[in-house]
Amino acid sequence: MNSLVIDLFMCGVAYVILIYFVATMTKNSLRRGNSNNDDGDGGIENLTPPKIDLPPGVIWPSDAPKKSKSPEPVEF
């Protein structure tokens, strides 16, 4: 029973020390003002979609021919 109390006390002390170090490290990074919404993956941000090679005869809906909005007049 005595060794169990000592082990629990030592685990509690280690937990408090660990939480102290984590809190001090995060406080420094928050104080620097890293609010540029960087997700930290690095590299150059490329927002253009990739070009996909489509089989012959298949087109993207955005590349479809434009239809005229006004109907052509009908002659009788």
Side-chain angles (χ1 to χ4, degrees):
M1 180 80 170
N2 193 15
S3 65
L4 178 65
V5 172
I6 293 173
D7 287 341
L8 289 175
F9 178 74
M10 294 301 282
C11 286
V13 169
Y15 180 75
V16 168
I17 292 171
L18 181 69
I19 294 299
Y20 172 75
F21 283 125
V22 169
T24 56
M25 287 180 198
T26 57
K27 184 172 52 173
N28 288 338
S29 67
L30 292 176
R31 195 179 304 160
R32 278 186 271 167
N34 293 339
S35 61
N36 58 359
N37 297 331
D38 185 19
D39 56 359
D41 60 354
I44 299 172
E45 188 172 345
N46 187 5
L47 299 177
T48 59
K51 290 289 185 186
I52 299 174
D53 188 23
L54 296 174
V58 178
I59 59 171
W60 290 105
S62 61
D63 296 337
K66 306 293 184 204
K67 295 182 181 177
S68 63
K69 296 206 182 237
S70 62
E72 296 180 13
V74 179
E75 295 183 19
F76 292 105

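As a basis for the values below, the full set of heavy atoms in this structure was taken, side chains included, without hydrogen atoms, waters or symmetry mates. Position 1 is the first residue of the sequence; numbering continues from there.
Using a 4.5 Å cut-off between side-chain heavy atoms of Ile, Leu, Val, Met, Phe, Trp and Tyr, with links allowed through other members, L8 and V5 fall into different hydrophobic clusters. Following chains of ILVMFWY side-chain contacts shorter than 4.5 Å, one cannot reach L18 starting from V13, and the two form parts of different hydrophobic clusters.
Among pairs with a residue in residues 47-56, those fulfilling side chain to side chain donor-acceptor pair (under 3.5 Å) read N46-T48, at least two apart in sequence or across chains.
Heavy atoms only, all atoms of each residue included: A64 and I59 are closest at CA-CD1, 3.8 Å.
In terms of the side chain to side chain contact (heavy atoms under 4.5 Å, CB included) criterion, residue partners of I6 (sequence neighbours excluded) are, by chain and number, N2, M10.
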